[in-house]
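If you're wondering where the values come from, they're calculated on a predicted model, not measured in any experiment. Hydrogens, waters and symmetry mates are skipped; everything else that's a heavy atom, side chains included, is used. Here is how names work: the chains are called A, B, and so on, in the same order as the sequence lines, proteins then strands, and each is numbered from 1.
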Amino acid sequence: VNWCPRDKTVLSDLEVKEETKKDGKLVHLRYPIKGTDAVITVATTRPETMLGDTAVAVNPEDERYSKFIGSEIELPLTGRTIKIIADSYVDSSFGTGAVKITPAHDPNDYEIGMRHGLEQLVIMNDDATMNSNAGPEFEGLDRFKAREKVIERFDELGLLDKVEDYEIALPACERCKTILEPMLSEQWFVKMDEMRDLALELMRDESIPRFSPEIPHKKVYTSWLENLKDWTISRQLWWGHQIPAWYDRDGNIFVARSEAEAKKKAGTEELTQDEDVLDTWFSSALWSFSTMGWDGSKDKSGDLAAFHPTNVLVTGRDIIFLWVSRMVMTSMKFVGEKPFSDVVVTGTVLDKNGQRMSKTKGNGIDPLDVFEKYGVDATRMTLAGSATGADFAWRDERVESFRNFANKIWNATRFCLLNSDGAQVDHSSLLFSEGSVADRWIRSRLNRTAIEVNRALSEYQFHEAVQLLYHFFWDDFCDWYIELAKDEITSAEAGPARDAARTRIITIIEIALRMLHPFMPYLTEELWLKLPGTSNELNHAAYRSATATIMLTEFPNGNASMIDESAEAEMGAVIELISRARNIRAEMNIKPSDRITLHVASGPQQKMVFAANESQILKLAKASELKIEDAVSAPKASARGVLTGGGELAVPLEGLIDFGKEAERLAGQLDKLKTENERLAGQLSNSNFVERAPAEKVQEIRDRVSEIETQMAALKLNLEALR
RNA sequence: GCCGACUUGGCUCAGUGGUAGAGCACUCCCUUCACACGGGAGGGGUCACUGGUUCGAAUCCAGUAGUCGGCACCA
């Protein structure tokens, strides 16, 4: 076993970390062969262990040493006689081809020792000082002091062949970094064969647990299980569950559930319990059922029957072997079923340079500092938004952006609350069959978002859910819907129309807050309680009588029948027109305070949409007049643009327009279209593409080409008109 | 040594066959009565490299390079 001389306890493989490769030495020692003048040279990085050597091994095929096999060696410094043995484990090409064998202090030597029936001589105490087996000269010395002394003594005896620099990675205690000592020791082990096979069968037959992401965790988990060895579960620590094994005076062992049971088994009162405790991960391995009132049998009752197995375990990569695999194995063995179906493995948060955070490097971040600076909700949203399964570098700026988002939610809701007289949360307010484009559009977007968020969550794509909610709330709701609804809800004139508009916007916020709640719990609860009309009536049916809280409301599922493609298309046209007009304003340096006249010509369908949204278009484009025409009638001195579907717009700029600059602007737009058109035309002229690509894909491109051509033609006419 | 992942605009990252995306940063304009932690308009990427499959590749395959990780070994 691996022994930590500082903690004085055994460690399992998973508690061992390779220490950064230290400069080691490979020491070559000469062992005199009895009855001859010959020596056999062995190499070691731990010379002090020669005091516990009980053989030297060579490869049976190695011609250099075959004549010595069976010979005896007079082991220097000890006066002991040991044998030269043959074992195929030895690699003739490494070092001298002869290996000193210390069965009590090396796992491979132990194996060889077992095969050849060698004596196992422990030469150290539990604090890694040498014991009496090391001889009077060495007894009491620390292992590293003893190492130096062995080299010195060999040198004095003329038996030191050479010392080479040798880079080696040493196993160290994960907690205290002390270099571990492999040591023969009596410990409790769990036989893993049966539990391992149960876990492997579960994976093979049912693909459980289902890892997310599946690559690489499924494979790593499976191959770890396949190579699983017995588990050392005893620890010489004071912290933990004491091992339920008792000894009588003669050293007979009684394993039992309780001391009373052990006494009954032993037939005596005079028992002493094993002082060791269980590996903390052994206790944790039982967690899925030991926390549910497990009675030691496979018969489930109470909480265990109700809650076991569960759906999903969310955890980090480094816990998969330590905990996840062991929960699966113990649950299969002791309850006879899986502990959970899915395992979501999150990425690791790295520092801003992409390095793992560690105490020694001091490059960690204190979550409390982040909470203090940006808020708990922003931090939570950042982590959820980064939960792709991949590691990610921590950047305060990212948290800051979600802090800003939290602020946006706060301000948007505050604004609606300031204008909420006469309104209250009312889901029936969204059931209208005829409404404005904006109302139909936001209802469609809200339901589409809810459906997409649910899908993302069911696939454990937390970052996608975060993105959907962020853009719905900020872009759709704040940037467009509030702006479009502003006049109505801030109208000085009280009445049913204003109340209805206010009720709709408050209701949309209520639903949005519920969607955001798992990601930003504090902010959403605070705001939700402030909304007029929220009460325990909105709690989930099972919690109707409880206090009103967003925590007990139902998560919005979204309603596919509320998705309104035509409303989204119409709104798209309005947004495009406003954006084009704003683009002209910005590029032509029109002062924000100046009102423009906006000419627009388009197909009949779009003209109706524009007419219906005239006041919003005027407001958001900062226009004083909207002229909807069959063909734009604007003067030559106008800035112009084209719309999807062949529409055109123009903004008269008498006295303001720089014809050269406008021509440049239009030429730039024309260039972009031209480049795209050339690429698409190339695709269409490829007969292979037209024949082999799906017809709808080909049609899509033809449509796009005709759209581009329409827009190009309009732009060209406008350009010529400028000259 | 074996296995795996990653390499996308200045930065941090989404995006698994059909016109390259986000946040931050950057440029210009705006103290318009929810929010300057804000609003509007922009610029910026031959998706590491090479080859292959395909009508079509950031996306599939092979190889190369770099980065990171897991496992094994280390007399």
Using only side-chain N and O atoms of [X], determine if any of them is under 4.0 Å from OP1 or OP2 of [N].
X         : N       : result
Lys672(A) : rG43(B) : yes
Asn404(A) : rG23(B) : no
Lys486(A) : rA34(B) : yes

(request) With Arg445(A) as the cation and Trp480(A) as the aromatic partner, state whether NZ or CZ is under 6.0 Å from the six-membered ring centre and within 45° of the axis. (result)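 The answer is no; the distance or angle limit is not met.
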(request) Would you kindly check if the NZ (Lys) or CZ (Arg) of Lys408(A) is within the cone defined by 45 degrees around the ring axis of Tyr470(A) and under 6.0 Å from the six-membered ring centre? (result)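 Verdict for Tyr470(A): no cation-pi partner in Lys408(A).
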(request) Spell out yes or no: do the side chain of Arg398(A) and the base of rC24(B) have one donor N/O and one acceptor N/O closer than 3.5 Å? (result)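 Absent.
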(request) Can you check whether any acceptor in the base of rA34(B) is under 3.5 Å from a donor in the side chain of Glu483(A), or vice versa? (result) yes
Both distances below 3.5 Å, Watson-Crick or wobble geometry, any strand: find the nucleotide opposite [N].
N       : value
rA25(B) : none
rU53(B) : none
rA48(B) : rU64(B)
rG38(B) : rC30(B)

(message) Can you work out whether Gly385(A) or Val27(A) has the more 5'-proximal nearest nucleotide on RNA chain B?
(response)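 Its nearest nucleotide being more 5', the pick is Gly385(A).
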(request) On RNA chain B, check which nucleotide each of Cys416(A) and Asn688(A) is closest to and give me the residue with the more 5' one. (result) Cys416(A)
(message) Just checking Tyr374(A) against Phe402(A), ring centres under 6.0 Å apart?
(response)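 No, they do not, as the ring centres are separated by 6.0 Å or more.
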(message) Let me confirm one number: the CG-OG1 distance from Asn419(A) to Thr490(A), rounded to the nearest 0.5 Å.
(response)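 Output value for this atom pair is 6.0 Å.
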Between [options], which nucleotide gets closest to the side-chain atoms of [X]?
X         : options                   : answer
Tyr470(A) : rG23(B), rA34(B), rC13(B) : rG23(B)
Ile482(A) : rC74(B), rA34(B), rG39(B) : rA34(B)
Ser401(A) : rG18(B), rG38(B), rC24(B) : rC24(B)
Val220(A) : rC73(B), rC24(B), rG70(B) : rG70(B)
Thr388(A) : rA14(B), rG39(B), rU32(B) : rA14(B)
Glu587(A) : rC73(B), rG18(B), rG42(B) : rG42(B)
Lys219(A) : rA41(B), rC3(B), rC29(B)  : rC3(B)
Cys478(A) : rA34(B), rA41(B), rC13(B) : rA34(B)
Arg704(A) : rA34(B), rG15(B), rU19(B) : rU19(B)
Lys622(A) : rC24(B), rA34(B), rU32(B) : rU32(B)

(request) Mind calculating the distance between NE2 (His217(A)) and C1' (rG70(B)) to the nearest angstrom? (result)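 Spelled out: NE2 on His217(A) to C1' on rG70(B) is 11 Å.
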(request) Please work out which of the three classes, parallel, tilted or perpendicular, describes the rings of His217(A) and Phe211(A), given edges at 30° and 60°. (result)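 Phe211(A) vs His217(A) ring planes: tilted.
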